[in-house]
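Have a look at the structure below before the remarks.
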Amino acid sequence: MEPSFYDQVYEIVRLIPKGRVTSYGAIAKSLGAGGSSRLVGYAMNNAHGIVPKIPAHRVVNRNGLLTGKFHFSPPGLMQQLLENEGLVIIEDKIQHFKVHFWDPATEL
DNA sequence: TTAATGACCTCCG
DNA sequence: TCGGAGGCCATTA
(Lines give C-alpha, C1' and ligand atoms only; values in the text may rest on other atoms or scores of the structure.)
Protein backbone atom coordinates (compact mmCIF):
# COMPACT_ATOMS: atom_id res chain seq x y z
CA MET A 1 0.00 0.00 0.00
CA GLU A 2 1.51 3.31 -1.07
CA PRO A 3 1.82 6.20 1.38
CA SER A 4 -1.54 7.92 1.23
CA PHE A 5 -2.70 11.22 2.65
CA TYR A 6 -3.71 9.43 5.80
CA ASP A 7 -0.21 8.09 6.42
CA GLN A 8 1.21 11.56 5.93
CA VAL A 9 -1.20 12.96 8.50
CA TYR A 10 -0.47 10.19 10.97
CA GLU A 11 3.26 10.75 10.69
CA ILE A 12 2.94 14.49 11.20
CA VAL A 13 0.73 14.06 14.26
CA ARG A 14 3.18 11.58 15.76
CA LEU A 15 5.96 14.12 15.29
CA ILE A 16 4.16 16.69 17.39
CA PRO A 17 6.38 17.33 20.47
CA LYS A 18 4.93 16.93 23.93
CA GLY A 19 3.20 20.02 25.21
CA ARG A 20 2.66 21.30 21.67
CA VAL A 21 -0.45 21.46 19.51
CA THR A 22 -1.24 22.10 15.87
CA SER A 23 -4.22 22.69 13.62
CA TYR A 24 -5.78 20.64 10.86
CA GLY A 25 -5.18 23.37 8.28
CA ALA A 26 -1.50 23.64 9.22
CA ILE A 27 -1.00 19.91 8.73
CA ALA A 28 -2.87 19.94 5.45
CA LYS A 29 -0.83 22.86 4.22
CA SER A 30 2.44 21.24 5.23
CA LEU A 31 1.42 18.23 3.15
CA GLY A 32 0.77 20.52 0.20
CA ALA A 33 -2.96 19.88 0.41
CA GLY A 34 -3.81 23.41 1.55
CA GLY A 35 -7.60 23.27 1.29
CA SER A 36 -7.90 19.65 2.28
CA SER A 37 -8.12 20.52 5.96
CA ARG A 38 -11.14 18.26 6.24
CA LEU A 39 -9.13 15.28 5.11
CA VAL A 40 -6.90 15.66 8.16
CA GLY A 41 -9.89 15.40 10.43
CA TYR A 42 -11.24 12.54 8.36
CA ALA A 43 -7.94 10.72 8.73
CA MET A 44 -8.18 11.18 12.48
CA ASN A 45 -11.50 9.40 12.31
CA ASN A 46 -9.67 6.31 11.14
CA ALA A 47 -6.76 6.99 13.50
CA HIS A 48 -8.65 5.26 16.28
CA GLY A 49 -7.55 1.91 14.95
CA ILE A 50 -4.06 2.98 13.90
CA VAL A 51 -0.91 1.85 15.69
CA PRO A 52 1.14 3.22 17.24
CA LYS A 53 -1.50 5.34 18.85
CA ILE A 54 -2.04 8.75 17.27
CA PRO A 55 -1.95 11.74 19.69
CA ALA A 56 -5.03 13.21 18.07
CA HIS A 57 -5.62 15.24 21.22
CA ARG A 58 -2.76 17.48 20.07
CA VAL A 59 -4.66 18.35 16.91
CA VAL A 60 -7.30 21.04 17.17
CA ASN A 61 -9.07 23.46 14.88
CA ARG A 62 -7.78 26.86 13.78
CA ASN A 63 -9.35 28.57 16.81
CA GLY A 64 -7.64 26.21 19.25
CA LEU A 65 -11.04 24.75 20.07
CA LEU A 66 -11.35 21.05 20.87
CA THR A 67 -13.92 20.37 18.17
CA GLY A 68 -13.18 16.66 17.98
CA LYS A 69 -13.23 15.98 21.70
CA PHE A 70 -16.59 14.26 21.35
CA HIS A 71 -14.92 11.57 19.26
CA PHE A 72 -12.87 10.53 22.27
CA SER A 73 -14.14 8.29 25.04
CA PRO A 74 -14.89 9.78 27.36
CA PRO A 75 -15.18 13.20 25.63
CA GLY A 76 -13.22 14.77 28.50
CA LEU A 77 -10.21 12.57 27.77
CA MET A 78 -8.89 14.93 25.13
CA GLN A 79 -8.85 17.88 27.52
CA GLN A 80 -7.38 15.75 30.27
CA LEU A 81 -4.53 14.60 28.05
CA LEU A 82 -3.75 18.15 26.98
CA GLU A 83 -3.73 19.31 30.59
CA ASN A 84 -1.38 16.44 31.36
CA GLU A 85 0.94 17.85 28.69
CA GLY A 86 1.06 21.09 30.66
CA LEU A 87 -1.49 22.96 28.55
CA VAL A 88 -4.39 24.98 29.92
CA ILE A 89 -7.86 24.23 28.62
CA ILE A 90 -10.84 26.42 29.46
CA GLU A 91 -14.28 25.84 27.99
CA ASP A 92 -12.78 23.28 25.60
CA LYS A 93 -10.43 25.95 24.24
CA ILE A 94 -6.64 25.97 24.49
CA GLN A 95 -5.25 28.97 26.34
CA HIS A 96 -2.20 30.64 24.76
CA PHE A 97 -2.85 28.45 21.73
CA LYS A 98 -0.49 30.46 19.51
CA VAL A 99 2.27 30.00 22.10
CA HIS A 100 1.92 26.21 22.17
CA PHE A 101 1.17 26.10 18.45
CA TRP A 102 3.50 23.79 16.53
CA ASP A 103 3.69 24.43 12.79
CA PRO A 104 4.98 21.32 10.94
CA ALA A 105 5.82 23.41 7.87
CA THR A 106 8.06 25.62 10.03
CA GLU A 107 9.49 23.03 12.42
CA LEU A 108 10.11 20.59 9.62
C1' DT B 1 -17.43 5.10 -11.98
C1' DT B 2 -20.68 7.88 -9.32
C1' DA B 3 -22.35 9.43 -5.13
C1' DA B 4 -21.95 10.42 -0.25
C1' DT B 5 -19.28 11.56 3.94
C1' DG B 6 -16.32 14.42 7.11
C1' DA B 7 -12.51 15.63 14.31
C1' DC B 8 -12.36 22.16 8.82
C1' DC B 9 -11.78 26.85 6.95
C1' DT B 10 -13.50 31.14 4.97
C1' DC B 11 -16.87 34.37 3.46
C1' DC B 12 -21.27 36.86 3.64
C1' DG B 13 -25.52 38.85 6.11
C1' DT C 1 -20.11 40.66 17.34
C1' DC C 2 -22.70 36.56 16.31
C1' DG C 3 -24.80 33.14 13.18
C1' DG C 4 -25.44 30.56 8.98
C1' DA C 5 -24.10 28.60 4.52
C1' DG C 6 -20.75 27.09 0.96
C1' DG C 7 -16.37 25.15 -0.75
C1' DC C 8 -12.35 22.45 -0.54
C1' DC C 9 -10.16 17.44 -1.39
C1' DA C 10 -9.25 12.42 -0.41
C1' DT C 11 -11.29 8.06 1.18
C1' DT C 12 -15.01 4.62 1.37
C1' DA C 13 -19.20 2.11 -0.10
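Only a predicted model underlies this, so the values are computations on that prediction, with no experimental measurement involved.
- Atom CD1 of Ile89(A) sits about 8.5 Å away from atom CE of Met78(A), to the nearest 0.5 Å.
- For the pair Trp102(A) and Arg58(A), the minimum side-chain heavy-atom distance is 4.5 Å or more.
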Which atom pairs, donor and acceptor, lie under 3.5 Å between side-chain atoms of residues 11-18 of chain A and protein residues at least two apart or in another chain?
residue	atom	partner	partner atom	Å
Arg14(A)	NE	Tyr10(A)	O	3.4

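- Expressed to the nearest 0.5 Å, how far CG of Leu82(A) lies from CG of Asp92(A) amounts to 10.5 Å.
- Here ring pair (Phe, Tyr, Trp, His ring centres under 6.0 Å) pairs that include residues 56-101 of chain A, with residues two or more places apart or in two chains, are Phe97(A)-Phe101(A).
- Residues that satisfy the side-chain contact (heavy atoms from CB on, under 4.5 Å) test with Lys53(A), not counting sequence neighbours, are absent from this structure.
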I'd like a table of atom pairs between the protein and nucleotides 1-5 of chain C - only N or O on both sides, under 3.5 Å - with the distance next to each one.
none

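- Of the listed residues (Val40(A), Leu31(A), Leu39(A)), just one forms a side-chain contact (heavy atoms from CB on, under 4.5 Å) with Gln8(A), and that residue is Leu31(A).
- Contact check of residues 85-108 of chain A against DNA chain B (heavy atom, cut-off under 4.0 Å) returns no residues at all.
- For the pair Arg20(A) and Glu107(A), the salt-bridge criterion is not met [side-chain N within less than 4.0 Å of a carboxylate O].
- Atom OH of residue Tyr6(A) and atom CG of residue Asn45(A) lie 7.5 Å apart, to the nearest 0.5 angstrom.
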Reading 5' to 3' through nucleotides 6-13 of chain B, protein heavy-atom contacts under 4.0 Å coded B for base, S for sugar-phosphate only, - for none: BBBS----

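- Going from atom CG of Asn61(A) over to atom OG of Ser37(A) covers 10.5 Å, rounded to the nearest 0.5 Å.
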